[in-house]
**Student:** 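Okay, here's the structure, questions in a sec.
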Amino acid sequence: MPTAIAVTSADLALPATDRQTPAAVVVRPPHAQPLDEALNELGAVLEHHGHLVALYSTACPPDHVRRLHTLRAVLESDRFAILPMDLPPLGLAVLAQQLRQLSLCDFSPGLLACAARLLAHYVHAGALLGSVARLDRVPTDLRSHLRSWVPGAHFAVLANPEPQLVRLDRHAERAAEAGLPAPGFATRLVWARGQVSGEWVGGVLARSWQVQGTFEVPLPAESAVWWGTHKAAEFAAAIPDLSVLYQLVASVRREECRWCGLELIGDRCAFCCAPTAVPGAAADTGRRTGGAARPRTVYGPGAAPVDSATPASSLLRRRGLAPVSPGGVPGPEPGRRTAVRAR
């Protein structure tokens with residue numbers, strides 16, 4: 001059976017785009033489900049699927065996060081991974097949908113769970129906001145805070161992969177003119193309207209980014225907490241092609257966890273959180289070689305070097321998730337963010 005993917009509320013479980021994609025498991029909050037009932041439910045999920053990967057955002061209530069860790073501890077299961085994500089709620093929902101698609105592939109549970117951090121860098125998540133006065137997850141200057149008090153003011157905010165905030169010009173007919181450059185690869189746009197009209201998101205942004213399609217969903221309940229306002233229309237653009245997602249994950253070097261033995265990519269195991277390298281090993285290597293240890297770069301088939309000058313690729317490289325170009329996907333251009341173009 002495929003590895004189960006869990007989210008913390010039903011509005012984060014997006015509908016499947018085909019008949020094969022499995023449904024998401026919803027771990028309800030403590031006030032909505034007794035502990036005994038939750039234990040029985042997740043115990044059955046683990047027995048049926050073998051492994052469970054739960055995603056939650058930074059806007060998830062603390063008692064709900066404690067419930068996740070309590071369930072894992074009481075079940076005494078090392079097959080239950082809990083992954084906090086910095087993505088906005090709708091971006092997390094899109095990521096969970098991608099993992100549900102990949103769960104049908106021949107990836108091991110450890111590899112699938114570690115793929116969450118890699119794929120998160122290819123989710124362009126943001127929102128159209130009517131106020132940024134309480135926005136604390138994206139850098140905001142004093143001028144933007146003051147403009148929030150102007151009636152009718154709107155802001156286009158991109159939280160991932162690189163934070164950006166601009167005041168929206170209603171006369172701008174392209175998102176690039178508003179300051180939101182399009183992703184460098186083919187995407188599908190999922191968006192949700194709150195107390196702000198989503199016409200700009202579903203119209204101007206979708207046309208400017210040349211998305212392959214748009215899909216409207218209800219606004220997640222955690223969105224108001226994450227963005228600091230109910231005056232929001234949230235959006236997330238991500239790679240819709242399963243074959244491209246598969247090649248992207250498969251092209252990264254795999255290792256075996258030193259603690260639990262699961263297969264992984266990146267700098268730590270998603271299930272036991274053990275790091276791939278022994279602390280101090282890099283420093284010891286540097287002393288033996290008479291200098292700083294130089295990380296080894298491994299490229300997959302048809303891969304191209306990553307532009308280490310960009311913040312996004314540098315972060316991926318530090319995490320051991322340096323993206324490479326899978327077969328049939330163009331490599332990154334010098335001086336630009338690493339990009340994948342879906343076919």
**Student:** Hey, are the side chains of L180 and Q164 touching, using non-hydrogen atoms and a 4.5 Å cut-off?
**Tutor:**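 Yes - at least one pair of side-chain heavy atoms lies under 4.5 Å apart.
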**Student:** Walk me through it: do E41 and R28 pass the test side-chain contact (heavy atoms from CB on, under 4.5 Å)?
**Tutor:** CA-CA 11 Å; E41 184 176 308; R28 288 177 283 177; 3.6 Å; yes
**Student:** Report yes or no: do V190 and V201 belong to one cluster of Ile/Leu/Val/Met/Phe/Trp/Tyr joined by side chain heavy-atom distances under 4.5 Å?
**Tutor:**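 No; tracing contacts between hydrophobic side chains, which count when under 4.5 Å, never links both residues.
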**Student:** Would you indicate whether the side-chain heavy atoms of W227 and E234 approach each other to under 4.5 Å?
**Tutor:**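 SC-SC contact between E234 and W227 confirmed.
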**Student:** Of V94, L95, I239, which is the lone residue that meets side chain to side chain contact (heavy atoms under 4.5 Å, CB included) with L119?
**Tutor:**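 Result: among V94, L95, I239, L95 is the only option passing the side chain to side chain contact (heavy atoms under 4.5 Å, CB included) with L119.
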**Student:** Looking only at heavy atoms, which two atoms of L219 and A232 are closest? And how far apart?
**Tutor:** CD2-O, 4.4 Å
**Student:** Is the ring centre of Y246 less than 6.0 Å from the ring centre of F107?
**Tutor:**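 Ring centres of F107 and Y246 closer than 6.0 Å.
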**Student:** First locate atom CD of E255, then atom CD1 of I265, and finally report the distance between them rounded to the nearest 0.5 Å.
**Tutor:**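 Between atom CD of E255 and atom CD1 of I265 there are 10.5 Å.
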**Student:** Would you say the side chains of T58 and W226 form a donor-acceptor pair under 3.5 Å?
**Tutor:** yes
**Student:** Is there a side-chain contact (heavy atoms from CB on, under 4.5 Å) between S57 and M85 once you walk through the steps?
**Tutor:** CA-CA 5 Å; S57 77; M85 306 300 299; 5.8 Å; no
**Student:** Regarding N160 and Y122, do their side chains bring together a donor and an acceptor under 3.5 Å, going by distance alone?
**Tutor:** no
**Student:** Between L129 and L135, is there a side-chain heavy-atom distance shorter than 4.5 Å?
**Tutor:** yes
**Student:** Answer yes or no: is there a side-chain heavy-atom contact under 4.5 Å between L52 and R72?
**Tutor:** no
**Student:** Between R117 and D267, is the closest basic N to carboxylate O distance under 4.0 Å?
**Tutor:**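 Salt bridge: yes.
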**Student:** Count I, L, V, M, F, W, Y as connected when their side-chain heavy atoms are under 4.5 Å apart, and connections chain through other members. Are L87 and L83 then in the same cluster?
**Tutor:** yes
**Student:** Would a single hydrophobic cluster contain both L99 and V7, if residues Ile, Leu, Val, Met, Phe, Trp and Tyr are joined by side-chain heavy-atom contacts under 4.5 Å?
**Tutor:**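 Yes; L99 is reachable from V7 via cluster members.
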**Student:** I'd like to check the side-chain contact (heavy atoms from CB on, under 4.5 Å) partners of R67; sequence neighbours left out, ordered by chain and number.
**Tutor:** P30, L35, A38, L71
**Student:** Indicate if V25 and L14 have the same hydrophobic cluster label, given that clusters are the connected sets of ILVMFWY residues with side-chain heavy-atom separations under 4.5 angstrom.
**Tutor:**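 No, it is not one cluster - the side chains of V25 and L14 are not joined through contacts under 4.5 Å.
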**Student:** Could you tell me whether E256 and R258 have a side-chain N and a carboxylate O separated by less than 4.0 Å?
**Tutor:** no
**Student:** Identify the two heavy atoms, one from V53 and one from A113, that lie closest to each other, and give their separation to 0.1 Å.
**Tutor:**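 Here V53 and A113 meet closest at CG2-CB, 3.8 Å.
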**Student:** Closest heavy-atom contact between A238 and Q98?
**Tutor:** CB-NE2, 3.4 Å
**Student:** Do you know the tightest heavy-atom contact between A156 and W200?
**Tutor:** CB-CH2, 4.0 Å
**Student:** Whether the T21 and Q101 side chains hold a donor-acceptor pair (N or O, under 3.5 Å, no angle test) is what I'd like checked.
**Tutor:**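 Checked: T21/Q101 side chains show no N/O donor-acceptor pair below 3.5 Å.
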**Student:** Could you tell me the separation between the CG atom of L262 and the CZ atom of R254, rounded to the nearest 0.5 Å?
**Tutor:**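 Atom-to-atom, L262:CG and R254:CZ are 13.5 Å apart.
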**Student:** May I ask you to test the D11-P218 pair for a side-chain heavy-atom distance under 4.5 Å?
**Tutor:**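 Side chain of D11 against side chain of P218, heavy atoms only: no contact under 4.5 Å found.
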**Student:** Could you grab the distance from atom CZ of F271 to atom SG of C114, nearest 0.5 Å is fine?
**Tutor:**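 The CZ atom of F271 sits 8.0 Å away from the SG atom of C114.
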**Student:** Do F80 and H51 have ring centroids that are under 6.0 Å from one another?
**Tutor:** no
**Student:** Contact between H154 and R167 at the side-chain level, heavy atoms closer than 4.5 Å - yes or no?
**Tutor:**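 Contact flag for H154/R167 side chains = no.
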**Student:** Whether R188 engages the ring of F215 as a cation-pi pair (distance to the six-membered ring centre under 6.0 angstrom, angle to the ring normal within 45°) should be assessed.
**Tutor:** yes
**Student:** In Å, rounded to the nearest 0.5 Å, how long is the span from NE2 of H124 to CD of E162?
**Tutor:** 8.5 Å
**Student:** Surrounding CD of E199 (heavy atoms of other residues, nucleotides or ligands, distance under 6.0 Å), is the total greater than 12?
**Tutor:** no
**Student:** For a side-chain contact (heavy atoms from CB on, under 4.5 Å) check, start with the C-alpha distance between L75 and L39, then their side-chain angles and the critical distance, and finish with the verdict.
**Tutor:** CA-CA 7 Å; L75 289 171; L39 286 170; 4.0 Å; yes
**Student:** Evaluate the side-chain contact (heavy atoms from CB on, under 4.5 Å) criterion for residues S208 and L205: first the C-alpha distance (whole Å), next the side-chain angles of each, then the deciding distance (0.1 Å), finally the verdict.
**Tutor:** CA-CA 5 Å; S208 177; L205 184 68; 5.6 Å; no
**Student:** Could you pull out all residues at least two apart from R193 that satisfy side chain to side chain donor-acceptor pair (under 3.5 Å)?
**Tutor:** E216
**Student:** Let me confirm one number: the CD-CG distance from Q33 to N40, rounded to the nearest 0.5 Å.
**Tutor:** 9.5 Å
**Student:** Closest approach of P240 and Q212, non-hydrogen atoms and distance?
**Tutor:**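 It is CG-OE1, 3.3 Å.
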**Student:** Report yes if some heavy atom in the side chain of C260 is under 4.5 Å from a heavy atom in the side chain of C269; otherwise report no.
**Tutor:**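 Counting from C-beta outward, C260 and C269 do come under 4.5 Å.
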**Student:** Is the shortest side-chain heavy-atom distance between T3 and H49 below 4.5 Å?
**Tutor:**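 SC-SC contact between T3 and H49 ruled out.
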**Student:** Using the rule that Ile, Leu, Val, Met, Phe, Trp and Tyr join whenever any side-chain heavy atoms are under 4.5 Å apart, tell me whether L12 and V26 fall into a single cluster.
**Tutor:** yes
**Student:** Which class fits the ring pair W209 and F235: parallel under 30°, tilted 30 to 60°, perpendicular over 60°?
**Tutor:** perpendicular
**Student:** Which pair of heavy atoms, one from A237 and one from T187, lies closest together, and at what distance?
**Tutor:**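 The answer is CB-OG1, 3.7 Å.
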**Student:** Measuring from H64:NE2 to H69:NE2, what's the distance to the nearest 0.5 Å?
**Tutor:** 11.0 Å
